[in-house]
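Notes follow once the structure below has been shown.
All chains are named by letter (A, B, ...) in the order of the sequence lines, taking the proteins before the strands, and each is independently numbered beginning at 1.
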Amino acid sequence: MGLLSLLRRLRKSGGEARILILGLDNAGKTTILRKLSDEDITTTTPTQGFNIKSILHNGFKLNVWDIGGQKTIRPYWRNYYENTEALIYVVDAADRKRVDEAGYELNEILGEDKLATVPLLVFANKSDLLQAQSADDIAESLSLFNIKDRPWQIQACSAKDGTGLEEGLRWVVKQVK
Amino acid sequence: MNTAYLKRCADEDRRAKIAAGFTIDGMNMRDASTGEMLWEMNSWPSDWHVAEIQARVPARILQCPVVSRELTFSSVEKVANLRCEHRVYLDGAPDPIEVWDFDFGFVMPGSRNTWQTTVEAAGGEKMLSPTEASGRVTVRTKFTDGDATIVESAVRVFYDND
């Protein structure tokens, strides 16, 4: 499981790809990234900058960028858009009060020139929680069905137990040319 | 005074400020196939700018098919164009056995960041034995802003039998 096994299956060689992970604070971006490498997720703290995972396989480098989601950090997001080949947007599906805020920020991102046509995966995270909304409901709240300028996908997941991560990632890696 | 001179002074000023507020906070190594932490160092000696740091790592790390190495660093100042040159040397050999250069680009002021690289082992007869390699492997990391060096660090790795 995880990023490396995914890369092995890709049979790519040479080159480099950049995947960007964004989302509100406490959505679970860093936890997803750690879970994908089977790392301890209990020590995760709010990201005050960025976390990058660079994986090399067969001369092919995959760089995954996870940028902090706190409100004060969001104005810096735009510094990391360049050369992005796929965007992962993480939403806390159990935080009903902040779905609108998540939708607003996503809308801003999708309007950026540097991210035009970049494929989008939305992770509806924390799906293991009782109060979590379904992926369909989240897609509706985020107006994903109106997106016409890029491929997109939504995937329910739980960063805590790993459910759905692999499926989502497989879609993302397929989009990377 | 000409403007080129003034600009140079301002550049140097800014670099000194970046360097003063830039720290490497920690480093760790993991078995990347299980995520298990094999070694971590979360407090660096205050004289790390000049001294070589010694890492005592369990010898079984050399048996791991995939190892990940993670660096945590902080910056008080904003950095426009951070770059890192990461080299692993086996002493006696002038050429590094592993080279990894990375462009971070923009670094937020007041930020704490991590960079993890995952590399597959050479495998087969290229694998080093712990006794052979202990104390001879150094990991050198140099952070730069544009062409200017911000900090350099060296970690010498010793392999201990568990």
Side-chain angles (χ1 to χ4, degrees), chain A residues 1-8 13 16 18 20-21 29-31 33-84 114 162, chain B residues 21-26 28-38 40 42 64-86 88 98-123 141:
Chain A
M1 132 124 199
L3 290 166
L4 188 70
S5 52
L6 215 60
L7 273 187
R8 284 187 179 132
S13 61
E16 207 160 334
R18 176 179 175 124
L20 181 63
I21 308 183
K29 301 177 289 297
T30 307
T31 305
L33 204 52
R34 285 191 172 190
K35 189 70 184 178
L36 279 168
S37 308
D38 291 317
E39 289 164 17
D40 178 18
I41 56 169
T42 59
T43 56
T44 311
T45 54
T47 301
Q48 309 284 348
F50 54 69
N51 299 304
I52 304 166
K53 276 186 192 284
S54 298
I55 300 136
L56 174 71
H57 175 67
N58 216 356
F60 179 73
K61 261 182 214 168
L62 182 70
N63 298 309
V64 187
W65 292 65
D66 149 35
I67 318 288
Q70 287 166 54
K71 210 164 187 166
T72 48
I73 291 180
R74 287 178 221 160
Y76 295 118
W77 280 358
R78 61 182 63 246
N79 292 288
Y80 301 96
Y81 294 160
E82 203 117 26
N83 299 321
T84 296
K114 282 179 183 164
Chain B
F22 196 97
T23 47
I24 296 181
D25 305 313
N28 68 52
M29 296 185 203
R30 286 186 171 101
D31 176 344
S33 36
T34 62
E36 186 200 352
M37 188 78 82
L38 295 172
E40 64 183 317
N42 293 320
C64 295
V66 204
V67 172
S68 69
R69 204 180 295 128
E70 185 175 294
L71 268 171
T72 304
F73 57 91
S74 302
S75 183
V76 174
E77 302 292 324
K78 165 183 107 179
V79 187
N81 195 12
L82 186 74
R83 208 183 133 73
C84 177
E85 290 174 16
H86 198 54
V88 181
E98 191 189 312
V99 174
W100 204 317
D101 294 341
F102 196 82
D103 285 313
F104 294 96
F106 182 82
V107 176
M108 299 171 208
S111 65
R112 187 176 159 92
N113 311 283
T114 68
W115 178 44
Q116 185 189 69
T117 54
T118 301
V119 179
E120 284 161 296
T141 310

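For chain B, no part of Leu33(A) is nearby; none of its heavy atoms comes within less than 4.5 Å. Within the 4.5 angstrom heavy-atom criterion, only backbone atoms of Thr34(B) (N, CA, C, O) approach chain A. Looking at Arg8(A), the atoms closer than 4.5 Å to chain B (heavy atoms on both sides) all sit in the side chain, from C-beta outward.
Between chain B and the residues Lys61(A), Arg34(A), Glu82(A), the largest count of heavy-atom pairs under 4.5 Å involves Lys61(A). Note: Asn63(A) leads Asp40(A), Asn63(A), Leu62(A) in heavy-atom pairs under 4.5 Å with chain B.
The OG1 atom of Thr114(B) lies 7.5 Å from the CD1 atom of Ile52(A); values are rounded to the nearest 0.5 Å. Distance check: Thr43(A) OG1 to Met37(B) CE gives 7.0 Å after rounding to the nearest 0.5 Å. Separation of atoms CD (Gln116(B)) and CD1 (Ile55(A)) is listed at 7.5 Å; rounding is to 0.5 Å.
Residues of residues 98-111 of chain B lying under 4.5 angstrom from chain A, judged on non-hydrogen atoms, are Trp100(B), Asp101(B), Phe102(B), Asp103(B), Phe104(B), Phe106(B), Val107(B), Met108(B), Pro109(B), Gly110(B), Ser111(B) by number. Of residues 66-74 of chain B, those residues with a non-hydrogen atom less than 4.5 Å from any non-hydrogen atom of chain A are, in numerical order, Val66(B), Phe73(B).
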